[in-house]
Amino acid sequence: MGEMFQAPKGTRDILPPESHRWQALVAVFADVIGRAGYGLVQSPMFEDIGVFQRLGEGTEVVRKEMYDFHDKGDRHLALRPEGTASVVRAFNQHRPTVPWKVWYLTPCFRYEEPQAGRFRQHHQVGAEAIGSADPDLDVEVIALQHDFYRVLGLSRLSLRLNSMGSPGDRQAYAGLLAEWLARRSGDLDEADRANAAGHPLRVLDSKRERTVAVVADAPRITDCLSDEAATRLDRVRSGLDALGIGYEIDPGLVRGLDYYTHSTWEFAAGDLTSAQNAVGGGGRYDGLAESLGGRPAPGVGFGAGIERILLAADAEDALSQPSAAVDVFVVDVTGGDSGRDLTFELRRNGISSDRAFDSRSMKAQMKVADRSGARLALLVGPDELASGTATLRDLRSGGGQIALARTDVVAEVAARLAGG
RNA sequence: CGGGCCGUAGCUCAGUCUGGUUAGAGCGCCGGGUUGUGGUCCCGGAGGUCGGGGGUUCAAAUCCCCUCGGUCCGCCCA
């Protein structure tokens, strides 16, 4: 045997039965979001690195964690670290009618050290609504994300909301904050000083003790909003109130990407310890389309991390693993023709079924049938073959079995399954 | 990028401190328990170059060094 390969560091194989939970989660998302008029977008897993660099020079995701490479044509590309940038690039490229409401399911790649709830490849579902500045769209998107979690059964999540204001507000506030931080530079944690001048908003996001203490008294963005931005925030708040969605305003909430304007928010799981408790977040990004070379177009959206959601679901004992058992298991000890034909006859009539392979003994096949979780077994041995019948056995009630003419099998099985 | 813990059968682990005959257990898997029938029980079997490399020694899963991986904390983020 040669070298045994394994999944690269920080990546995981999601196998059955664990993958059944993924399917269930994605199905819930597609349902919740699809019924709000959002359509699926599939776009490339890699893009010109410039697409992602516009996410913000101040962010770790762009500065240090990008999975970038040069292809054989010497194009500088990167695997997507998040979902929004590709969607906005696609919006610019195709100019769909607005508001363009779409959702996605995608792996995201970040080169960092793995730990609990953090991988080099993780997965997000998300939604974006591009081409409208209506704050009611912020409300819609937040509410859809909220409802998604709720339908999954997550009840112990908290929502923090902030406004970064208009691009002008944001810039003015950043200047004000940089000045304020400069006067207290000595009190900041050393690791945060570098950001204080160039990316002051990031300092608000620091969790270092010294910095947190200093920043507690910093000027707040919510006190610096223009009338227009303040009005928009009020509209978002009243929308959430009307829909019965609880939240708290957190002026210190600065999300990991630089492109946000106006609304930003984050859902956190109280049950998850420490740092990796964010199960999703989003915001409005009114300048992003333009910075990617398109015409100005406002947009709003969110991303939600599947691995984090599943961790939160574990902590809350929610989203149990759905059963993947088939209804019928076909056992054939006469060579396999009947097994092959019966399973497909059932399947083509909408009845889920499986069978054993490799011509094993009846005892062995019955074990497989039991393990499969099937409710009914159909047995074909020499007697049945000779008489053109199949034996139907109930595997749950431990009990009886009856002989069925081959022509009656589908109808009888369907009746049994329907009858409970 | 800084730090702690851990790598022995498919899985969960014992054995490592106090080197020494063919490296163990449970679960899982495969086969059998006479007359074609699972779930309980009994019997048997397959499966490991003890993460990899180097060193010390008569002798290394066990001691030392390096390396790769896993896991967790910080930071950052989903």
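Note that the coordinates shown come from a computational prediction; the quantities given were computed from them, not determined experimentally. Order of the sequence lines sets the chain letters (A, B, ...), proteins ahead of strands, with each chain counted from 1.
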- Query: Looking only at heavy atoms, what is the nearest atom pair of A:Arg375 and A:Leu417, with distance?
  - Reply: NH1-O, 3.6 Å

- Going from CG on A:Asp147 to CD on A:Glu140, what distance comes out if it is rounded to the nearest 0.5 angstrom? 10.5 Å

- Task: Run the numbers on A:Asp192 and A:Thr211 for side chain to side chain donor-acceptor pair (under 3.5 Å), then give the verdict.
- Result: CA-CA 7 Å; A:Asp192 292 312; A:Thr211 301; 2.6 Å; yes

- Base B:G39 to side chain A:Asp370, donor-acceptor N/O within 3.5 Å cut-off: no

- Task: Could you measure between the two P atoms, the one in B:G33 and the one in B:U71, and give it in whole Å?
- Result: 44 Å

- Note on the structure: Scanning all shown strands, the Watson-Crick or wobble mate of B:U57 with both distances under 3.5 Å is none

- Task: Would you classify A:Gly280 as touching base, sugar-phosphate or nothing, given that sugar-phosphate means primed atoms plus P, OP1 and OP2, and contacts are heavy atoms under 4.0 Å?
- Result: sugar-phosphate

- Task: Scan every strand shown for a Watson-Crick or G-U wobble partner of B:G48, both distances under 3.5 Å, and answer none if you come up empty.
- Result: none

- Message: Under 4.0 Å, heavy atoms only, any strand: does A:Glu209 hit a base, just the sugar-phosphate, or nothing?
- Response: nothing

- Close aromatic pair by centroid cut-off 6.0 Å: A:Trp100 and A:His94: no

- Message: Short of 4.0 Å, heavy atom to strand atom, which residues of residues 104-112 of chain A count as contacting RNA chain B?
- Response: A:Arg110, A:Glu112

- Taken to the nearest whole Å, CG/A:Asn277 to C1'/B:A78 is 11 Å

- Write down the distance between CD (A:Gln145) and P (B:A78), rounded to a whole number of angstrom. 11 Å

- Message: Does the protein touch nucleotides 40-47 of chain B at the base, only the backbone, or not at all? Give it as B, S and - per nucleotide, heavy atoms under 4.0 Å.
- Response: --------

- Which whole number of Å gives the distance between the P atom of B:A23 and that of B:A61? 9 Å

- Checking only heavy atoms, does the side chain of A:Gln401 share a donor-acceptor pair with the base of B:U37 at less than 3.5 Å? yes

- Query: Given A:His122 and A:Gln124, is the side chain to side chain donor-acceptor pair (under 3.5 Å) satisfied, shown in steps?
  - Reply: CA-CA 7 Å; A:His122 75 277; A:Gln124 294 187 18; 2.9 Å; yes

- Distance, rounded to the nearest Å, where A:Met362 contributes CE and B:G39 contributes P: 14 Å

- Check every strand shown and say whether A:Glu307 touches a base, only sugar-phosphate, or nothing at a heavy-atom separation below 4.0 Å. nothing

- Interatomic distance at P, B:U57 relative to B:U49, whole Å: 28 Å

- Message: Let me spell it out: for each of A:Leu379 and A:Arg208, pick the nucleotide of RNA chain B with the closest heavy atom. Which residue's pick is nearer the 5' end?
- Response: A:Leu379

- Whole Å only: how far is the CG atom of A:Leu310 from the C1' atom of B:A78? 12 Å

- Note on the structure: Re B:G2: Watson-Crick or G-U wobble partner, both distances kept under 3.5 Å, found to be B:C73

- Task: Please round to the nearest 0.5 Å and tell me the distance separating atom NE2 of A:His262 and atom OG of A:Ser163.
- Result: 6.5 Å

- Spacing of CG belonging to A:Asp314 relative to CG belonging to A:Leu310, to within rounding of 0.5 Å: 7.0 Å

- Message: Distance check needed: B:C76 C1' versus A:Leu204 CG, whole Å only.
- Response: 15 Å

- Across the strands shown, which category fits A:Ser206 at heavy-atom distances under 4.0 angstrom: base, sugar-phosphate, nothing? sugar-phosphate

- Answer yes if the side chains of A:Thr84 and A:Glu128 hold a donor-acceptor pair under 3.5 Å, and no otherwise. yes

- Message: Work out how far the C1' atom of B:C76 is from that of B:G69, and round it to whole angstrom.
- Response: 23 Å

- Message: Is there aromatic stacking of A:His123 on B:A78 here, judged by a ring-centre distance under 5.5 Å and a plane angle under 30°?
- Response: no

- Expressed in whole Å, how much space separates the P atoms belonging to B:U62 and B:G44? 32 Å

- First encountered from the 5' end of RNA chain B, between A:Gln124 and A:Thr11: A:Thr11

- Base B:G70 to side chain A:Gln6, donor-acceptor N/O within 3.5 Å cut-off: no

- Start with the C-alpha distance between A:Arg210 and A:Asp187, add both sets of side-chain angles, then the distance that settles salt bridge (Lys or Arg N to Asp or Glu O under 4.0 Å), and finish with yes or no. CA-CA 7 Å; A:Arg210 291 185 64 185; A:Asp187 300 330; 5.0 Å; no

- Message: By the 4.0 Å heavy-atom rule, please label A:Ala116 as base, sugar-phosphate, or nothing.
- Response: sugar-phosphate

- Message: For the C1' atoms, the ones on B:G48 and on B:C1, what distance do you get once it is rounded to whole angstrom?
- Response: 37 Å

- Task: Establish, for the pair A:Arg237 and A:Tyr247, whether the NZ or CZ atom is under 6.0 angstrom from the six-membered ring centre and no further than 45 degrees off its axis.
- Result: no

- Message: Ignoring hydrogens and geometry beyond distance, is the side chain of A:Gln115 in donor-acceptor contact with the base of B:C75 at under 3.5 Å?
- Response: yes

Could you list the donor-acceptor pairs under 3.5 angstrom formed by side chains in residues 212-223 of chain A, with sequence neighbours left out?
none

- Query: Where the side chain of A:Arg393 is defined as all heavy atoms beyond and including C-beta, which of B:G36, B:G39, B:C1 is the nearest nucleotide?
  - Reply: B:G39

- Whole-Å gap separating C1' (B:U71) and CZ (A:Arg120): 14 Å

- Assign A:Gly83 to base, sugar-phosphate, or nothing according to its heavy-atom contacts below 4.0 angstrom with the strands shown. nothing

- Go through the steps to decide whether A:Asp286 and A:Arg284 satisfy the test salt bridge (Lys or Arg N to Asp or Glu O under 4.0 Å), and finish with yes or no. CA-CA 6 Å; A:Asp286 290 349; A:Arg284 181 162 274 286; 2.9 Å; yes

- Query: Salt bridge or not for A:Glu266 and A:Arg160, using N-O below 4.0 Å?
  - Reply: yes

- Message: Tell me the interatomic distance from A:Phe119, atom CZ, to B:G70, atom P, rounded to whole angstroms.
- Response: 11 Å

- Query: B:C50 and B:U16: how far apart are their C1' atoms, nearest whole angstrom?
  - Reply: 11 Å

- Item | Donor/acceptor link under 3.5 angstrom from A:Arg360 side chain onto base of B:C30 | no

- Phosphate OP1/OP2 of B:C29: any A:Arg371 side-chain N/O under 4.0 Å: yes

- Query: Distance between the P atoms of B:G19 and B:A60, in whole angstroms?
  - Reply: 14 Å

- Taking atom C1' of B:C30 as reference, at what distance in whole Å does atom NZ of A:Lys367 sit? 9 Å

